[in-house]
K.L.:
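Below is the structure I would like to discuss, written out as structure tokens.
One-based numbering along the sequence shown.
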Amino acid sequence: MPFFQGVFPQAFTWLGLCQVLLLLAAGLGAVVVYWAMRLLARHAWFMHRLSCFSKPSAHSWLLGHLGQMQSTEEGLLQVDDLVRTYTHSCSWFLGPFYHLVRLFHPDYVRPLLMAPARITVKDELIYGHLRPWLGQSLLLSNGEEWSRKRRLLTPAFHFDILRHYVTMFNTSTNTMHDKWRHLMANGRTNIEMFDHVTLMTLDSLLKCAFSYNSNCQQSSSEYVSAIVELSDLIIDRRQKILHHWDWIYWKTQQGKRFKKALSIVHSFTSEVVQRRRALISQQRETYTDFTTAPQRKKDFVDIILLSKDEEGQGLTDEEIQAEANTFMFAGHDTTASAICWTLYNLARHGHYQEKCRQEVMDLMQGQEEQEIEWKDLSNLPFTTMCIRESLRLHAPVQAVTRKYTQDMAVPGGRTVPKGAICLVSIYGTHHNPAVWTNPYEFDPLRFDPTNTEGRASHAFIPFSSGPRNCIGQKFALAELRVVVALTLLRFRLSPGWDPEVGIGSRGVRRLPQLVLRAEGGLWLQVEPLTSQDLEQQQDA
């Protein structure tokens with residue numbers, strides 16, 4: 001899940017580099033000289049090893065591409081230029097500190113994402129800022145520790161568990177739609193999607209992870225507010241180079257706010273895990289055969305509490321808390337982004353929206369309850385095609401990064417040296433004209449089964465791929481289909497406008513942060529569908 005684009009914006013420039021070096025030199029003297037010499041020698045070595053990759057124009061041999069990456073619409077357009085110019089890959093240097101290979105073609109992406117997990121490492125540059133929050137969770141761990149956790153967590157995403165979650169997706173979506181109806185009853189039809197959908201996905205995840213009804217869509221929740229603040233603070237920290245050093249960051253106001261929000265989140269998950277473990281222990285003492293104890297539907301915490309490895313060992317409370325925190329962090333923002341951009345794309349393409357709505361209406365015909373069930377998800381083929389095309393065009397996560405403990409061969413006789421950061425550009429791959437025809441157009445028929453034959457296996461990677469792909473992708477796709485289907489069944493969508501800038505003053509500007517958002521929000525016009533509207537559509 002998180003996520004490179006914009007990690008080093010223009011604020012990280014020559015001035016910032018000088019400030020860091022001067023700060024260190026003032027207090028450390030000769031140590032800095034030794035450190036600088038090693039840094040420059042390492043830089044020269046990587047420059048030589050990566051010379052097999054084309055290098056875009058840089059500031060200098062030392063500064064490289066400092067300040068050239070932007071977390072803005074212009075930053076994404078820059079990626080488009082790189083893809084058109086270099087087709088498959090290029091090297092990139094952030095001063096003498098970080099040495100990257102940026103990849104945006106399936107043939108180059110595949111050997112890296114499919115590499116064995118034992119040689120694949122999550123780099124600290126991108127993922128280190130998440131560690132205080134998420135600990136040594138599946139997202140951040142490596143090697144055998146990662147393999148063990150992946151095996152223990154896999155049962156939590158089994159189809160039998162996801163089937164139970166679908167009910168919660170319906171309930172949380174219904175609450176969001178009730179809020180929309182209330183707004184429309186008061187004359188507000190222009191609605192900002194991210195605010196509403198993010199609260200909905202948090203509400204849904206709290207039910208799925210902890211069996212906790214937060215009511216966060218209707219009233220404020222200290223825990224939910226803390227999660228939102230942590231996400232915002234991580235983005236802010238990435239944009240300030242001096243804050244990348246812990247010993248500086250924890251002394252800043254932002255660092256203190258981060259610790260306060262972190263305390264709230266960790267206290268909540270710790271209390272849930274301890275209570276649940278106590279409940280399981282009590283049931284085991286009361287019932288000789290634990291399987292005969294009164295059973296309720298298990299949530300995420302229940303399942304990982306009960307999971308055991310080959311030696312009969314489970315996860316510790318600390319490990320369970322880390323995984324629960326990761327589930328909440330990785331699951332709410334990414335899914336919310338995917339839902340919002342899918343609704344946006346359907347709002348802009350009314351004929352596809354109507355075709356999806358007809359499909360949902362046909363599915364629901366004869367059902368008393370307007371509720372999507374597990375069995376219904378496989379009967380929404382065109383709606384699913386639209387979701388997949390939106391995930392291609394507006395992938396929530398723009399890039400993932402990896403490091404490897406050995407040299408990695410890629411096509412063209414090129415080699416990524418051990419220790420270099422591989423930036424796999426999901427955005428670049430999804431918009432590569434050498435891979436996709438008319439890559440900037442929304443065309444769901446790309447995902448018609450008759451049109452997918454011969455397509456490269458790694459042309460479409462919204463959830464990454466290989467052994468370290470997103471473990472929650474089936475969860476996300478299930479929630480996407482439920483929310484999109486119910487929304488189209490009840491409302492007609494059309495493009496809205498940002499009230500701050502007015503109607504028609506500019507198009508939507510994408511904002512790549514932890515996930516893909518929109519500058520000023522993503523606004524849609526929402527119109528409730530009446531029974532008469534639905535009858536007319538049914539007769540059409």
Side-chain angles (χ1 to χ4, degrees), residues 138 150-177 197 200-214 272 276 279-280 283 290-308 320 323-324 326-328 330-332 334-336 338-339 342 356 359-388 391 462-463 469-490:
L138 183 71
R150 181 83 180 203
R151 291 193 300 271
L152 286 169
L153 288 172
T154 296
F157 297 95
H158 190 274
F159 288 119
D160 289 339
I161 304 302
L162 295 180
R163 183 181 292 113
H164 164 54
Y165 291 158
V166 167
T167 300
M168 301 171 195
F169 299 157
N170 278 270
T171 302
S172 295
T173 305
N174 292 342
T175 301
M176 179 177 72
H177 289 166
V197 177
M200 186 275 295
T201 55
L202 279 167
D203 181 29
S204 175
L205 274 172
L206 282 166
K207 293 183 176 84
C208 297
F210 308 120
S211 299
Y212 178 66
N213 291 311
S214 66
V272 168
R276 202 65 57 77
L279 175 62
I280 291 173
Q283 287 182 331
F290 183 61
T291 60
T292 65
Q295 295 293 308
R296 60 180 179 80
K297 292 177 179 177
K298 293 182 176 62
D299 58 29
F300 180 78
V301 169
D302 286 324
I303 293 160
I304 59 177
L305 270 167
L306 295 169
S307 294
K308 305 290 182 187
I320 292 169
E323 301 306 340
T326 300
F327 185 46
M328 291 299 301
H332 87 276
T334 50
T335 309
I339 291 168
T342 300
C356 289
E359 181 177 71
V360 179
M361 289 173 58
D362 291 345
L363 178 68
M364 303 297 288
Q365 192 171 19
Q367 294 188 26
E368 292 184 12
E369 297 291 331
Q370 280 196 350
E371 184 167 308
I372 304 295
E373 299 179 9
W374 174 258
K375 62 180 175 59
D376 297 327
L377 298 183
S378 59
N379 295 318
L380 293 167
F382 187 75
T383 303
T384 302
M385 286 160 53
C386 290
I387 289 170
R388 291 187 182 279
L391 287 171
F463 300 101
N469 67 347
C470 174
I471 194 172
Q473 59 183 291
K474 290 184 175 65
F475 177 98
L477 284 170
E479 184 167 18
L480 265 161
R481 281 178 284 186
V482 170
V483 178
V484 170
L486 288 179
T487 300
L488 297 183
L489 186 64
R490 297 164 181 168

K.L.:
Backbone N or O of I304 within a donor-acceptor pair of the E323 side chain at under 3.5 Å?
P.N.:
no

K.L.:
Report the residues that fulfil side-chain hydrogen bond (donor to acceptor under 3.5 Å, both in side chains) with T487, sequence neighbours left out, ordered by chain and then residue number.
P.N.:
H177

K.L.:
Provide the full list of side chain to side chain donor-acceptor pair (under 3.5 Å) pairs with a residue in residues 473-486, sequence neighbours left out, each pair given once.
P.N.:
S204-E479

K.L.:
Got a sec, which residues hit side-chain hydrogen bond (donor to acceptor under 3.5 Å, both in side chains) with N379, two or more places apart in sequence or on another chain?
P.N.:
none

K.L.:
Who passes ring pair (Phe, Tyr, Trp, His ring centres under 6.0 Å) against F327, sequence neighbours left out?
P.N.:
F157, F300, F475

K.L.:
Would you say D299's side chain and S211's backbone share a donor-acceptor pair under 3.5 angstrom?
P.N.:
yes

K.L.:
Could you measure the distance from the CZ atom of F463 to the CG atom of L391? Nearest 0.5 Å is fine.
P.N.:
5.5 Å

K.L.:
With a 4.5 Å cut-off on side-chain heavy atoms, are H164 and K298 touching?
P.N.:
no

K.L.:
N174 side chain to N170 main-chain N or O, any donor-acceptor pair under 3.5 Å?
P.N.:
yes

K.L.:
Is there a side-chain contact between I303 and H158 (heavy atoms, below 4.5 Å)?
P.N.:
no

K.L.:
Can you list the residues that meet the side-chain hydrogen bond (donor to acceptor under 3.5 Å, both in side chains) rule with N469, with sequence neighbours excluded?
P.N.:
R150

K.L.:
List for me each residue that meets salt bridge (Lys or Arg N to Asp or Glu O under 4.0 Å) alongside R163, sequence neighbours excluded, and say none if there are none.
P.N.:
D160

K.L.:
So, does D362 use its side chain to make a donor-acceptor pair with the main chain of E359 at under 3.5 Å?
P.N.:
no

